[in-house]
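All residue numbers in this chain count up from 1 along the given sequence. All values below come from the heavy atoms of this structure, side chains included, with hydrogens, waters and symmetry mates left out.
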Amino acid sequence: AVGGASKLLNDSYLPLQLKSRDIKRLGVMLDADTDCPGRYESFRQYCEQFSTSVPKSLPSSGLIVENREGKRLGLWIMPSNEHSGDLESFLRHLVPPHDEMLWQHAVQSFEQAKVHGSKCRDCHTSKARLYTWLAWQDPPGYSPGFALTRKLLDPNSPIAATFVQWFRDLYQV
């Protein structure tokens with residue numbers, strides 16, 4: 001947690017991190033928000049200083065590049081390296097099939113809240129839906145990370161498998 005994409009993608013943050021002798025591998029995760037290709041292009045411009053093997057477009061399996069010193073830099077753009085969205089959009093796909101009806105009820109409840117004057121901005125829809133669903137778990141109000149560790153969210157979903165493979169490849173675990 002650096003403090004946002006603008007801080008991470010400024011001219012000095014990543015070069016400083018990657019100059020450290022202690023860092024051999026560095027993974028970066030960003031929300032696509034509304035412009036996944038634009039987010040990648042900003043990152044790619046930096047990467048070209050780091051490595052000569054940077055593809056023009058972000059692979060759906062995530063980016064991993066290595067420089068001459070053997071340092072590895074990886075990028076995953078939430079939710080899927082291809083679509084607009086954020087971490088919560090990714091986590092929505094981890095809601096287990098047996099909870100799909102409850103998820104749909106959370107989506108409908110959020111839509112009704114908007115009709116009744118909810119001040120939630122459209123850019124926070126995925127967050128509101130996820131946290132509504134989490135509020136209905138036992139006990140209510142888990143954080144997404146805790147929901148994963150408690151297996152309320154399914155870490156074995158197809159979208160999660162691609163992310164986990166990227167993580168394992170980057171960190172060589």
Side-chain angles (χ1 to χ4, degrees), residues 1-9 13 17 23-40 42-43 58-64 72-173:
V2 175
S6 59
K7 183 175 179 184
L8 182 112
L9 295 172
Y13 183 80
Q17 294 299 310
I23 293 183
K24 305 275 187 262
R25 295 167 198 88
L26 181 63
V28 175
M29 291 179 286
L30 299 171
D31 287 342
D33 293 330
T34 59
D35 185 15
C36 188
R39 191 68 91 179
Y40 177 65
S42 299
F43 191 82
L58 178 61
S60 61
S61 58
L63 175 73
I64 299 174
R72 297 166 66 86
L73 176 62
L75 174 69
W76 184 275
I77 298 183
M78 291 291 175
S80 65
N81 294 314
E82 298 174 313
H83 300 100
S84 297
D86 50 22
L87 173 63
E88 290 79 9
S89 302
F90 172 82
L91 294 174
R92 180 280 172 260
H93 296 287
L94 278 62
V95 172
H98 66 79
D99 240 11
E100 188 60 28
M101 286 182 61
L102 186 59
W103 173 263
Q104 291 305 320
H105 185 63
V107 169
Q108 293 165 359
S109 295
F110 170 74
E111 294 305 319
Q112 281 298 308
K114 286 179 68 173
V115 168
H116 293 293
S118 167
K119 301 210 180 349
C120 184
R121 292 181 286 153
D122 288 344
C123 64
H124 295 140
T125 296
S126 60
K127 290 180 188 341
R129 289 173 174 170
L130 180 69
Y131 282 95
T132 299
W133 179 81
L134 287 170
W136 296 338
Q137 302 306 307
D138 184 23
Y142 280 134
S143 70
F146 199 66
L148 272 167
T149 61
R150 295 280 309 213
K151 301 225 181 343
L152 296 172
L153 293 167
D154 180 8
N156 297 312
S157 72
I159 193 171
T162 305
F163 173 78
V164 168
Q165 189 60 54
W166 167 81
F167 186 91
R168 286 183 173 154
D169 292 346
L170 174 62
Y171 291 100
Q172 298 174 317
V173 293

Side chain to side chain contact (heavy atoms under 4.5 Å, CB included) between L134 and Y131, worked out: CA-CA 5 Å; L134 287 170; Y131 282 95; 4.2 Å; yes
Test log, rule side chain to side chain contact (heavy atoms under 4.5 Å, CB included), inputs F43 and L63: CA-CA 10 Å; F43 191 82; L63 175 73; 4.0 Å; yes
Chi angles and distances behind the side chain to side chain contact (heavy atoms under 4.5 Å, CB included) call for W133, L153: CA-CA 11 Å; W133 179 81; L153 293 167; 3.6 Å; yes
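Listed by chain and number, the residues in a salt bridge (charged side-chain N to carboxylate O under 4.0 Å, His left out) with E82 amount to none (sequence neighbours excluded).
A perpendicular orientation is assigned to the rings of F163 and W76, their planes being inclined by more than 60° (bins at 30° and 60°).
No side-chain donor-acceptor contact under 3.5 Å links D99 to the backbone of V95. A side-chain donor-acceptor contact under 3.5 Å links D86 to the backbone of E88. Side-chain atoms of R39 come within 3.5 Å of backbone atoms of D31 as a donor-acceptor pair (strictly under, hydrogens ignored).
Of all heavy-atom pairs between L148 and L94, the closest is CD2-CD2, 3.6 Å. The heavy-atom pair separating C36 from I77 by the smallest distance is SG-CG2, 3.8 Å.
Atom CG in L152 sits 9.0 Å away from atom CG in D138 (nearest 0.5 Å).
Remark: D169 does not engage R72 in a salt bridge, criterion side-chain N to carboxylate O under 4.0 Å.
Aromatic ring centres of W136 and H105 lie closer together than 6.0 Å.
Looking at Q104 and E100, their side chains do bring a donor and an acceptor atom within 3.5 Å of each other.
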